[in-house]
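Start at 1 and go down the list; that is how both ligands and their atoms are numbered.
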Amino acid sequence: MGYSKQDVDYSLYLVTDSTMLPQGTTLYSQVEAALRNGVTLVQLREKETDTKIFIEEALEVQKLCKQFKVPLIINDRIDVALAIDADGVHVGQDDMPIPMVRKLVGPQKIVGWSVGYPHEVDQLAKWGPGMVDYIGIGMVFPTSTKKNPKKLPMGPLGVSRILDTLEERDAHWCRTVAIGGLHPNNIERVLYQCTSMDGRRSVDGISVVSDIMAASDAGAAAANLRQILDKGRYSFLDFSLCDRSTDRETLLNVANHIITQVTESRPLVHHITNKVHQNFGANVTLALGSSPIMSEIKEEASDLANVPHAALLLNTGSVAPIDVLEAAIDAYNAHKRPIVFDPVGYSATATRRTLNDTLLSCGQFTCIKGNSGEILSLAGMAGKMKGVDAHECECGKEVLIQATRLVAFKFKTIAVCSGEFDFIADGTMKGAYSLSVGSKGIQAKDLPCVIVENGSIPIMGDITASGCSLGSTIACLLGGSGEEANVFDIVISAVALYKVAGKLASTRCQGSGTFHVQLIDALYQLFHANNPRSWSCNFEKL
Ligand code: TPS
């Protein structure tokens with residue numbers, strides 16, 4: 001073989017399919033172009049080719065791979081792999097059982113397995129080392145390459161779950177690649193979001209079929225993927241993330257600076273939100289020197305995201321069609337503009353949960369904001385919620401801090417859990433990602449977390465959409481920020497501003513009706529006075 005199994009580089013794994021070759025290209029020419037541009041592993045997967053031709057092609061591709069010192073894996077056809085003495089085989093769950101495969105190919109060959117569920121990892125862990133060398137985790141996203149797929153796309157969270165299981169089962173020998181619907185527009189996000197909870201593991205590589213095989217310039221396609229893999233930082237915002245502030249004094253100075261920037265830039269805050277919140281959210285946005293637009297027109301999402309200082313608030317309280325929501329997420333991610341996600345009543349019903357999970361799997365959110373019930377369920381720490389309103393949780397602060405950090409870690413976002421105390425955790429890791437080593441040991445419990453407190457404001461719960469408008473406030477401040485900003489500081493500033501306004505309004509109002517009006521007045525006054533040093537709230541840093 002000329003190399004040791006341990007040294008195999010899984011980073012960019014090409015799986016072939018001759019049925020999608022563009023005119024003027026051949027299987028050989030596409031593989032060659034890909035190998036010249038950074039592919040590190042090749043799998044021949046020719047479902048519709050007769051055995052004789054398959055063997056001829058395999059021998060040709062094998063010569064090519066040897067020239068580039070890249071191992072060649074054969075899909076499914078153990079007989080072909082043995083006949084040409086390939087470097088390994090890849091089988092799916094419905095193909096020949098792994099112990100038989102291993103018995104046939106012997107201990108030296110690479111054996112790969114397609115895996116979609118944690119129980120399959122349990123199985124490979126039971127077999128122990130020497131059976132499965134690597135797994136293809138998928139499908140991550142929908143793909144038309146695999147005909148009649150038996151599994152649903154698992155999203156980045158599903159990949160992380162598989163990585164978790166490998167760690168829990170101590171299957172350290174088993175390497176991993178993610179596969180299914182991977183393209184340059186989503187690979188950075190997959191590499192960034194998919195890590196095990198113990199911070200020790202991320203995928204060892206990515207595997208693609210159509211992105212290279214169906215490309216008119218396979219070399220350019222491979223080079224582009226290679227560049228993403230080597231980049232190591234997912235810049236999902238068009239402003240750079242500077243270091244975070246450390247003390248109250250600096251934080252309030254930062255808040256002052258952010259409000260000045262919002263005043264100057266007058267951000268466009270695109271709301272896709274529930275009907276109850278629309279009017280109030282628009283008024284809160286205007287009070288904060290920003291322009292609201294309540295658009296659910298799919299076709300204009302990209303134009304809106306392209307407006308300087310645009311930000312998106314996505315609130316799933318009453319829901320726009322899924323294609324509208326997905327188009328908006330795509331557009332704001334593509335233009336590197338912030339998205340605040342408010343998964344209202346996240347797990348109140350199975351339908352809501354599925355919808356929110358679908359949205360969570362299709363984008364990178366700058367901030368995820370929820371009440372205690374929503375954050376607990378997103379963290380996987382709560383049973384069914386009773387309704388969509390914030391209900392005071394029986395659990396203590398420690399549990400909510402843990403849940404907020406878990407959400408921040410899982411989605412690599414700024415997580416906000418609002419309530420009497422607001423908890424804000426930063427899981428962004430400044431966009432850093434790397435193959436294999438996860439978050440380099442950083443776990444949810446290590447994430448920076450701040451508690452903002454200003455005494456209880458019970459009347460907040462007596463008006464509609466008060467929680468949703470915290471989302472509007474965060475979106476205004478994120479949208480308005482300039483060249484250099486720290487998203488954690490921006491979100492803390494927004495939460496503090498909203499809390500101080502709530503307290504002020506509660507002392508001025510006569511009941512819930514006037515509280516509504518007073519809250520908008522208080523936001524307007526605090527914003528225009530721009531004197532955060534006078535804000536009464538406390539910050540506790542953990
Ligand atoms: C390493 N598989 C899962 S999704 C998919 C395939 C072929 C299609 C992806 O196409 N893992 C490895 N090899 C395999 N053959 C599989 C899994 C099975 P596209 O990239 O065009 O979306």
Engineer: Determine, for Asp85 against Lys109, whether the closest basic-nitrogen to carboxylate-oxygen distance falls under 4.0 angstrom.
Structural biologist: yes
Engineer: Using side-chain contact (heavy atoms from CB on, under 4.5 Å), reason through Val209 and Lys146 one step at a time and then give a plain yes or no.
Structural biologist: CA-CA 10 Å; Val209 183; Lys146 209 166 160 66; over 6 Å; no
Engineer: Below 4.0 angstrom from a heavy atom of Val208, which ligand 1 atoms are there? Numbered from 1 as shown, please.
Structural biologist: 20 (O)
Engineer: Within the 4.0 Å heavy-atom shell around Gly136, which atoms of ligand 1 are there?
Structural biologist: 11 (N)
Engineer: Going by heavy atoms, is Gly181 under 4.0 Å from ligand 1?
Structural biologist: yes
Engineer: Under 3.5 Å, is there a donor-acceptor pair between the side chain of Arg169 and the main chain of Gln123?
Structural biologist: no
Engineer: Take atom NZ of Lys336 as the centre, draw a 6.0 Å sphere, and report whether it contains more than 12 heavy atoms from other residues, nucleotides or ligands.
Structural biologist: yes
Engineer: At a non-hydrogen distance cut-off of under 4.0 Å, which region of Tyr13 contacts ligand 1 (side chain, backbone, both, or neither)?
Structural biologist: side chain
Engineer: Mind checking the CG-CD1 spacing from Leu359 to Ile339? Nearest 0.5 Å is all I need.
Structural biologist: 10.0 Å
Engineer: Can you name the atoms of ligand 1, numbered from 1 with element, that are less than 4.0 Å from a heavy atom of Met139?
Structural biologist: 4 (S)
Engineer: At a non-hydrogen distance cut-off of under 4.0 Å, which region of Arg45 contacts ligand 1 (side chain, backbone, both, or neither)?
Structural biologist: side chain
Engineer: Quick one: does NZ or CZ of Lys52 land under 6.0 Å from the six-membered ring centre of Phe54, within 45 degrees of the ring axis?
Structural biologist: no
Engineer: So is Thr143 polar-close to ligand 1, meaning N/O to N/O under 3.5 Å?
Structural biologist: yes
Engineer: Tell me whether the rings of Phe341 and Phe365 are parallel (<30°), tilted (30 to 60°) or perpendicular (>60°).
Structural biologist: parallel
Engineer: Please work out whether any backbone atom (N, CA, C, O) or any side-chain heavy atom from C-beta onward of Thr145 is under 4.0 Å from ligand 1, and answer side chain, backbone, both or neither.
Structural biologist: side chain
Engineer: Can you list the ligand 1 atoms lying under 4.0 Å from a non-hydrogen atom of Ser210?
Structural biologist: 19 (P), 20 (O), 21 (O)
Engineer: Okay, side chain of Arg337, backbone of Ala305: is any donor-acceptor separation there less than 3.5 Å?
Structural biologist: no
Engineer: Under 4.0 Å, heavy atoms only, figure out whether ligand 1 is touched by the backbone of Ser114, its side chain, both or neither.
Structural biologist: side chain
Engineer: Please verify the inter-ring angle class for Trp127 with Trp113; under 30° counts as parallel, over 60° as perpendicular, anything in between as tilted.
Structural biologist: tilted
Engineer: Students should be able to answer this: which protein heavy-atom is nearest to atom 12 (C) of ligand 1, and at what distance?
Structural biologist: His90 CE1, 3.2 Å
Engineer: Quick test: of every protein heavy atom, which one is nearest to atom 20 (O) of ligand 1, and how far off is it to 0.1 Å?
Structural biologist: Val209 N, 2.9 Å
Engineer: Taking Asp133 first and then Arg102, would you say they form a salt bridge - that is, a charged N and a carboxylate O separated by under 4.0 Å?
Structural biologist: yes
Engineer: Does ligand 1 have any atom sitting under 4.0 Å from a heavy atom of Ile179?
Structural biologist: yes
Engineer: Report the part of Asn75 in contact with ligand 1, treating N, CA, C, O as backbone and CB onward as side chain, heavy atoms under 4.0 Å; options are side chain, backbone, both, neither.
Structural biologist: side chain
Engineer: Is the shortest distance from a heavy atom of Gly112 to ligand 1 less than 4.0 Å?
Structural biologist: no
Engineer: Counting each atom of ligand 1 from 1 as listed, which ones have a heavy atom of Gln43 under 4.0 Å away?
Structural biologist: 1 (C), 12 (C), 13 (N), 14 (C), 15 (N)
Engineer: First locate atom CG of Asn186, then atom CD of Gln364, and finally report the distance between them rounded to the nearest 0.5 Å.
Structural biologist: 12.5 Å
Engineer: Any N or O of Leu182 that comes nearer than 3.5 Å to an N or O of ligand 1?
Structural biologist: no
